[in-house]
Amino acid sequence: MHKVMLITGASRGIGAATARLAAAQGYALCLNYHHRQDAAELLLQEIKSAGNHAIAVSADVSDEAQVARLFAAIDDEFGQLDVLVNNAGMLERQMRLDEMDAARLARVFAVNVTGSFLCAREAVRRMSTRHGGYGGAIINVSSIAAKLGAPNEYIDYAAAKGAIDSMTLGLAKEVAAEGIRVNAVRPGVIRTEIHASGGEPGRVERVKAGVPMGRGGEPEEVAEAILWLASEKASYASGALLDIAGGR
Ligand code: NAP
């Protein structure tokens with residue numbers, strides 16, 4: 001039996017790189033996406049033509065009913081779930097905290113925090129031995145911003161990732177005896193489209209001088225850490241916050 005992995009936000013960036021590496025390692029995959037059906041379908045065809053069992057499912061992870069439908073699709077197609085990669089995330093235009101309004105804060109926390117909680121809840125209900133499951137692994141994609149704070153850019157996003165770090169620590173302890181390992185990766189500045197959505201497509205070039213390694217990271221470098229945490233090679237790792245940030 002191939003292990004089944006759900007990757008949220010798999011249409012682009014770190015999620016897509018994780019999907020490609022997971023496919024190469026033999027996982028069956030559920031690729032979640034939100035708006036970019038075109039990109040998700042292309043990736044799905046690439047993975048299926050390599051011989052992997054895979055589906056692509058649209059769902060806004062911040063919407064409880066859509067999350068329920070996403071997991072129901074996994075139940076129908078695979079009948080099991082072994083790994084959740086809580087990767088879907090977003091940020092908004094760079095600004096100072098004294099400019100932020102409540103609507104923006106609600107959007108940022110809904111996707112980055114509530115979305116990760118809802119998906120983790122559904123995963124635990126399927127994986128936990130307490131619920132009749134066989135265990136599994138949850139990998140939360142946090143950010144080094146949780147440690148650095150993202151001043152003058154997006155403190156709200158950094159704080160949302162801080163919440164994900166706390167959830168990782170708490171949930172890891174809550175379900176450790178139920179066969180589930182919960183860990184997080186905290187990427188540094190990685191070359192994806194997320195920086196354009198903050199209003200600065202060239203952000204990696206600007207901030208790389210502040211990275212001890214002097215460069216931005218590639219999505220594939222984050223994917224390697226995620227796949228390690230998902231694997232049995234990380235069998236004694238739980239509650240870890242693994243920085244993949246070039247030394248930051
Ligand atoms: P990206 O290229 O902008 O891709 C974001 C992905 O998340 C897309 O697949 C998008 O789906 C999906 N998504 C956004 N909102 C969603 C929602 N409400 N429901 C479901 N999916 C949603 O970003 P990325 O850089 O790969 O980021 C992936 C993760 O890494 C995020 O959690 C991000 O915070 C984190 N991270 C990134 C960096 C970095 O420098 N790139 C650093 C630290 C942490 P659609 O395309 O279908 O809309």
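- One N or O on the side chain of Thr8 and one on the backbone of Ala88 form a donor-acceptor pair closer than 3.5 Å.
- For the pair Leu43 and Ala10, the tightest heavy-atom approach, listed with the atom from each and the gap, is CD2-O, 3.2 Å.
- Using modelled atom types, one side-chain atom of Asn86 and one backbone atom of Ser116 make a donor-acceptor pair closer than 3.5 Å.
- Minimum interatomic distance between Gly162 and Ala146 (heavy atoms only, all atoms of both residues): N-CB, 3.6 Å.
- What you find for Gly217 and Glu221 is that their closest heavy atoms are CA-OE1, 3.5 Å.
- A side-chain contact (heavy atoms from CB on, under 4.5 Å) with Ile138 holds for exactly one of Val124, Val83, Val175; it is Val124.
- Pairing each heavy atom of Gln80 with each of Ile74, the nearest pair is O-CG2, 3.6 Å.
- The ring of Phe78 has its center closer than 6.0 angstrom to the ring center of His53.
- Listed by first and then second residue, the salt bridge (Lys or Arg N to Asp or Glu O under 4.0 Å) pairs that reach into residues 178-187 are Arg130-Glu178, Asp165-Arg186, Arg186-Asp243, sequence neighbours excluded.
- At distances below 3.5 Å, at least one donor-acceptor pair connects side-chain atoms of Arg126 with backbone N or O atoms of Glu122.
- Side-chain atoms of Ser197 come within 3.5 Å of backbone N or O of Ile194 as a donor-acceptor pair.
- The two residues Ser238 and Val182 come nearest to each other via the heavy atoms OG-N, 3.2 Å.
- Looking only at distances, a side-chain donor or acceptor of His2 sits under 3.5 Å from a matching main-chain atom of Gly26.
- Lys208 contributes no side-chain N or O that, together with a main-chain N or O of Arg203, makes up a donor-acceptor pair within less than 3.5 Å.
- Thr168 and Asn140 share a side-chain donor-acceptor pair at under 3.5 Å.
- Counting all heavy atoms, side chain and backbone alike, Arg104 lies closest to Arg93 at NH1-O, 2.6 Å.
- Judged by distance alone, with hydrogens and angles left aside, the side-chain atoms of Asp82 form no donor-acceptor pair with the main-chain N or O of Gly136 at under 3.5 Å.
- Applying the ring-ring contact (aromatic ring centres under 6.0 Å, His included) test to pairs two or more places apart or on separate chains, those with a residue in residues 131-182 are Tyr154-Tyr157.
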